[in-house]
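Worksheet: one structure, shown below.
Order of appearance sets the numbers: ligands from 1, and atoms from 1 within every ligand.
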Amino acid sequence: MSDAIIATIFQAVVDGNTRGALEGIERALEQGLTAEVILNQGLIAAMREVGRLFEAGEYFVPEMLVAARAMQAGLNRLRPLLVAQGIQPLGKVVLGTVKGDLHDIGKNLVGMMLEGAGFEVIDLGTDVSPEKFLTAVEEHQPHLLGMSALLTTTMSNMKLTLEALERAQVRERIRVMVGGAPVTETFARQIGADGYAPDASRAVALAKHLLQLS
Ligand code: B1M
């Protein structure tokens, strides 16, 4: 039964059917499925399939976009369940998707999980220039800066942001972590970031590690 509901949510997201995804999520919650299971097996798995269909030339940008909207609606529904209430912040994180890049689903998930773990998250959104990251760091004085990139063509903007932080002499004050589908541990090391996480839950573990909280 629960497998069938997860399959319904998965298919609804792949089809870009927001209403179907939300109805499936309500049914899954009524059946006692956890938000984590719905997220991982329904929503995230569906976006992986959307990526596969795009690569295979079966999906184009409009299909990806409606699937992303359905995914986002599902994430918004699960958000209060994933985010713990009333916890004292463990630290402050400034987060954003780098310049030229509009992908925000993974970044939003990372932000949500960090909030859920007790971090205060200042989300700068997408297409964030090195200058904007720098201004936010100077204004909010975070412990951690998180950058996301989903395109091979925008990854280099992570390096440009790190260089902007160096030039402004604020780099040594904060820890920097990076992630996103094309980003790797090796790349993170090459550009001088303090850490890389392949997914949202490991981003939380990394954030704690970098701030010596674990
Ligand atoms: Co785009 N897109 N897209 N897209 N898109 C990819 C990334 C692509 C791999 C698809 C493909 O070809 N298979 C490809 C990039 C190829 C490349 O660079 N080598 C691609 C392309 C080409 C493009 C366009 C150029 C298409 C076009 O216009 N011709 C265009 C670019 C627009 C732009 O950004 N300037 C484009 C547009 C779009 C949409 C707008 C339609 C939509 C985004 C909607 C949105 O985000 N609001 C979209 C989508 C949905 C995708 C795919 C299908 C799914 C991405 C996603 O949301 N995944 C994607 C295919 C794929 O990734 N397989 C694709 C689910 C999400 C939960 O995972 O984002 O990886 P992810 O995040 C993970 C981890 O990476 C990690 O944790 C997250 C959760 O576990 N993580 C971090 C992410 N950030 C982190 C930060 C951290 C730590 C971990 O620390 C700070």
Side-chain angles (χ1 to χ4, degrees), residues 10 13-16 18 36 38-76 78 82 91-117 119 121-129 133 136 142-158 161-162 174-185 187-188 191 193-211:
F10 174 96
V13 173
V14 171
D15 294 342
T18 299
E36 284 83 359
I38 300 170
L39 175 68
N40 290 320
Q41 296 176 21
L43 303 181
I44 293 182
M47 288 315 287
R48 220 175 288 128
E49 173 64 4
V50 170
R52 192 193 65 74
L53 290 166
F54 184 75
E55 272 167 45
E58 289 178 45
Y59 264 22
F60 300 95
V61 174
E63 286 89 353
M64 274 209 293
L65 203 49
V66 286
R69 282 201 195 120
M71 164 96 182
Q72 202 72 60
L75 274 186
N76 290 341
L78 296 179
L82 293 166
K92 207 189 270 186
V93 185
V94 161
L95 185 66
T97 302
V98 296
K99 188 175 163 67
D101 201 323
L102 303 175
H103 295 85
D104 65 356
I105 294 173
K107 182 265 298 164
N108 292 347
L109 206 47
V110 169
M112 219 180 272
M113 298 291 272
L114 285 170
E115 278 185 62
F119 287 90
V121 176
I122 295 142
D123 188 341
L124 304 180
T126 59
D127 192 20
V128 183
S129 64
F133 273 121
H143 303 92
L144 201 63
L145 172 68
M147 287 185 278
S148 179
L150 263 285
L151 298 171
T152 45
T153 48
T154 60
M155 286 162 71
S156 53
N157 290 325
M158 292 177 161
T161 304
L162 282 159
I174 51 164
R175 308 280 86 194
V176 177
M177 69 183 207
V178 293
V183 180
T184 61
E185 184 84 57
F187 175 77
I191 63 169
D194 298 303
Y196 154 80
D199 57 43
S201 59
R202 275 175 281 188
V204 171
L206 174 65
K208 288 184 177 168
H209 174 71
L210 291 175
L211 300 187

* For ligand 1, is there an N or O atom under 3.5 Å from any N or O atom of S148? -> yes
* **Per-residue contact class, V178 against ligand 1 - non-hydrogen pairs under 4.0 Å** => backbone
* Numbered atoms of ligand 1 (with element) below 4.0 Å of G146, judged on heavy atoms -> 91 (C)
* **With A207 via side chain to side chain contact (heavy atoms under 4.5 Å, CB included) - residues at least two apart** => L114, F119, L144, M177
* **H103, any N or O under 3.5 Å of ligand 1 N or O** => yes
* Tell me, which protein residue and heavy-atom name are nearest atom 44 (C) of ligand 1, and how many Å apart are they? -> A68 CB, 3.6 Å
* Close side-chain approach of N157 and D101, heavy atoms under 4.5 Å -> no
* Asked: Which heavy atom of the protein is the closest neighbour of atom 61 (C) of ligand 1, given with residue, atom name and distance?
  -> G51 CA, 4.4 Å
* Protein residue, atom and distance nearest to atom 9 (C) of ligand 1, heavy-atom basis -> L150 O, 4.8 Å
* Nitrogen or oxygen of Q72 less than 3.5 angstrom from that of ligand 1 -> no
* Heavy atom under 4.0 Å from ligand 1: found in R202's side chain, backbone, both, or neither? -> neither
* Side chain to side chain, M158 and V183, heavy atoms closer than 4.5 Å -> yes
* Please state which part of D104 comes within less than 4.0 Å of ligand 1, counting heavy atoms only: side chain, backbone, both or neither. => both
* Asked: Is G100 in polar range of ligand 1, meaning some N or O pair under 3.5 Å apart?
  -> yes
* Identify, by atom number and element, the atoms of ligand 1 in contact range of D199, meaning under 4.0 Å from any of its heavy atoms. => 76 (C), 77 (O), 80 (O)
* Asked: Does atom 24 (C) of ligand 1 have any protein heavy atom closer than 4.0 Å?
  -> no
* **Per-residue contact class, V110 against ligand 1 - non-hydrogen pairs under 4.0 Å** => side chain
* Please report which non-hydrogen protein atom sits nearest to atom 51 (C) of ligand 1, along with the residue it belongs to and the distance in Å to one decimal place. => M64 SD, 3.4 Å
* Counting heavy atoms only, which of A67, A46, G180 comes nearest to atom 83 (C) of ligand 1? -> G180
* Is there a donor-acceptor contact under 3.5 Å from the side chain of T97 to the main chain of H103? -> yes
* Structure fact -> Closest to atom 68 (O) of ligand 1 among protein heavy atoms sits G106 CA, 4.3 Å
* Pick whichever of P198, A181, A207 has a heavy atom sitting closest to atom 74 (C) of ligand 1. => P198
* Structure fact -> The protein heavy atom nearest to atom 14 (C) of ligand 1 is L151 CD2, 4.3 Å
* Structure fact -> Going by the 4.0 angstrom heavy-atom rule, the piece of P182 near ligand 1 is neither
* Right, does atom 59 (C) of ligand 1 have protein non-hydrogen atoms nearer than 4.0 Å? -> no
* Structure fact -> Nearest non-hydrogen protein atom to atom 27 (C) of ligand 1, with distance, is V61 CG2, 3.5 Å
* Asked: So do L39 and I44 actually touch side chain to side chain, heavy atoms under 4.5 Å?
  -> yes
* To do: Please check if a non-hydrogen protein atom sits closer than 4.0 Å to atom 79 (C) of ligand 1.
  => yes
* To do: Can you tell me which residue pairs pass the side-chain hydrogen bond (donor to acceptor under 3.5 Å, both in side chains) test with a partner in residues 51-69, sequence neighbours excluded?
  => E49-R52
* Asked: Can you find an N or O of K107 that's nearer than 3.5 Å to an N or O of ligand 1?
  -> no
* **Option with minimal heavy-atom separation from atom 56 (C) of ligand 1, where the choices are M71, R52, M47** => M47
* Note the single closest protein heavy atom to atom 85 (C) of ligand 1, along with its residue, its atom name and the distance in Å. => G179 C, 3.5 Å
